[in-house]
Amino acid sequence: MEFDDLQQTRIAKLQTLRDTGRDPYPPRSERTITNAEAVAEFDRREGETHTVVGRLMLKRGQGKIAFLTVRDGTGDIQFFVQQNNVGEVAMQVVKALLDLGDIVQATGTLMKTRNGEVSIDVTDIRLLSKALSPPPEKWHGLQDIEKRYRQRYLDLIANDEARQVAVQRSRILEATRAFMNGRGFLEVETPTLQPLYGGAAARPFVTHHNTLDQDLYLRIADELYLKRLIVGGLERVYEICKDFRNEGIDRQHNPEFTMMECYQAYADYHAMMDIVEGLCAHVATTVIGSLTVTYGDHTVDLRPPWPRIPLRDAVKDACGIDYVAITDTEELRRRAREAGAEIPSDMVRARIIDELLKAFVRPSLIAPTFLIDYPVELSPLAKTKPGDPTVVERFQPFIAGLELGNAYTELNDPLDQLARFEEQARQRAQGDMEAMPVDEDFVTALMHGMPPTGGLGVGIDRMVMFFTNQPSIRDVILFPALRSTEGR
RNA sequence: GGGCCUGUAGCUCAGCGGUAGAGCAGUGGACUUUUAAUCCAUUGGUCGUGGGUUCGAAUCCCACCGGGCUCACCA
């Protein structure tokens, strides 16, 4: 490892500190009050002696005094260092050996400066940890997008918004758990390493267990395991976990992402819509403090209930194509192309409908909306609508153009499930690598009887994107997937 | 994978065929109430990498390594 001039300078200071008997990395620290508390409670704490800590963010020397802005996890406070109080030696240390980025601790009297800034009138100041690399620019922060993702700690140090998003994400997860627990759901854990993957249309990551000498898949969903628990009589279960999908990376997709899946026995997809509405409203009120949320150019009202629009009607309204009335696939393809959609000649009927959804319906789904009742072909785990074997009871919630999740009335007919798996296998044989493999073990579970069940998956990252008004999933995942660079 | 954009000092950015620049940070100095402190002086670069065009390339061209947007793919 090589050190540049700025680092060499700091390493020299480090040596000076050691040579003069000062440990640049002492094992112990003290804190009697957080910075935020000191500022918030100043009126009744003025004059008290306190010890505060944090990272040195700004340094304003002025002869025999110095003002240091120090930031801990709660906020900023100012150190007011006067040579008369700390002595000439300590003053020299502050001026010559402390650098921006260092972690420091100071003891002194809580006071306000002439200009009203809450400060510690320092009597003792010490270094807790010497930073050997300089922090990002103090005013512009860290702008380089790549560096923000690769070295997130710098982003968190320099950019307030990055910190806010990280905190909000945690609060959203907390609110989600509280909401689900409050509805009687049991939080469970199912395997990340699965001998057979399933529950979504996606390509998996493959790994290998040495002792078993067996390939395993990182889960693309936990659906099939959670439904086994429903079979087992756990009537309301949910899991919040990472799923892994070996696919493209873009503003709304990361190869590992966080999903909340829940299943409720003796319920259907309407109950799942109630949960989505309730969950979003709960998160909005507890985390945002309002049912009105702004995302990008849009401001949406999350107040339930949300419109529940059959996909057929939504597509018909958006582009005038009634795909139910057009039974001939070639006719449907022709009409879709006329409307302006790009439809490859080998695209199957269900994908054409999906394309119509993406091209014409989705862009207009700004207000919270449920699209319901999807073609059966794309939903091998969902129950068909009574009286219509071509449509399943499935819905997707959309807010501000974001697709937040997926849900259905779960298929609990074991023989129908087996037939759907076999149809998937046929599509797989025809080259659709995202079609699901046959999971006979899951069918075996269904053969023991699964109650009528509603199931739901919510993309937590997208929910966080929405509630924190972030345009990219990389902004809500602390360490997003990036190509590794040479020499790292 | 395609198209468009992008990579210059530790950080934020200018320069876009003719001597490599600014602000912040750093270094030296002045300063006992600053708020991105101020003032004086000053160090710092294989202009992502490698080729090419040219009398001359940070600048134009090609390839490669990263990144962003977008389309495709994908919940």
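By convention in this document, chain letters (A, B, ...) are assigned in the order of the sequence lines, proteins followed by strands, and residues within each chain are numbered from 1.
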Select base, sugar-phosphate, or nothing to describe what A:Arg462 touches, counting heavy atoms under 4.0 Å on all strands. sugar-phosphate
Whole angstroms only, please: what is the CG-C1' distance between A:Asn159 and B:U12? 12 Å
Counting only side-chain N and O atoms of A:Asn115, is one of them less than 4.0 Å from OP1 or OP2 of B:U34? yes
Using only atom types and a distance under 3.5 Å, with no angle test, would you say the side chain of A:Arg169 pairs donor to acceptor with the backbone of A:Asp461? no
Using the P atom in both, what is the distance from B:A22 to B:A41, to the nearest Å? 13 Å
Classify A:Leu404 by what it touches in the nucleic acid, base, sugar-phosphate, or nothing, heavy-atom distance under 4.0 Å. nothing
Does the structure place the NZ or CZ of A:Arg228 under 6.0 Å from the centre of the six-membered ring of A:Tyr225, at an angle of no more than 45° from the ring's axis? yes
Taking A:Lys112 first and then A:Glu117, would you say they form a salt bridge - that is, a charged N and a carboxylate O separated by under 4.0 Å? no
Contact class for A:Glu403 vs. all strands (heavy atom < 4.0 Å): base, sugar-phosphate, or nothing? base
Rounded to the Å, how far apart are A:Leu100 CG and B:U27 C1'? 14 Å
Please report, rounded to the nearest Å, how far the C1' atom of B:G68 is from the OH atom of A:Tyr149. 9 Å
Base, sugar-phosphate, or nothing: which does A:Glu434 touch, judged by heavy atoms less than 4.0 Å apart? sugar-phosphate
Phosphate OP1/OP2 of B:G29: any A:Lys95 side-chain N/O under 4.0 Å: no
Base, sugar-phosphate or nothing for A:Ala66? Non-hydrogen atoms, less than 4.0 Å. nothing
Base B:U27 to side chain A:Thr9, donor-acceptor N/O within 3.5 Å cut-off: no
Does A:Arg114 have a side-chain nitrogen or oxygen under 4.0 Å from the phosphate oxygens OP1 or OP2 of B:U35? no
In Watson-Crick or G-U wobble terms, with both distances under 3.5 Å, the base opposite B:A63 is B:U49
Would you say A:Arg251 reaches B:U70's phosphate, i.e. side-chain N/O to OP1/OP2 under 4.0 Å? yes
Could you check whether A:Lys112 gets within reach of a base, just the sugar-phosphate, or nothing at all, counting any heavy atom under 4.0 Å? nothing
Should A:Arg150 be listed as having a side-chain N or O under 4.0 Å from OP1 or OP2 of B:G67? yes
Separation of the P atoms in B:C31 and B:C16, to the nearest angstrom: 43 Å
Flag the pair A:Arg126 and A:Asp124 as a salt bridge only when some basic side-chain nitrogen lies within less than 4.0 angstrom of an acidic carboxylate oxygen. yes
Quick one: the side chain of A:Arg60 and the base of B:U34, do they pair up donor-acceptor inside 3.5 Å? yes
Scan A:Gln62 against the nucleic acid and name what it touches under 4.0 Å (heavy atoms): base, sugar-phosphate only, or nothing. base
How far does the C1' atom of B:A30 sit from the matching atom of B:G48, given to the nearest Å? 42 Å
Any side-chain N or O of A:Arg362 less than 4.0 Å from the OP1 or OP2 oxygen of B:C74? no
Is it true that, when you exclude A:Glu161 itself, more than 12 heavy atoms of the residues, nucleotides or ligands shown sit nearer than 6.0 Å to its CD? no
Using only side-chain N and O atoms of A:Lys147, determine if any of them is under 4.0 Å from OP1 or OP2 of B:C11. yes
Is B:U19 paired to anything, Watson-Crick or G-U wobble with both distances less than 3.5 Å, and if yes, which nucleotide? none
So, does A:Lys138 get its side chain near the phosphate of B:A25, meaning an N or O under 4.0 Å from OP1 or OP2? yes
For the C1' atoms, the ones on B:G23 and on B:U8, what distance do you get once it is rounded to whole angstrom? 15 Å
If we take the C1' atom in both B:A58 and B:A20, what is their distance in whole Å? 8 Å
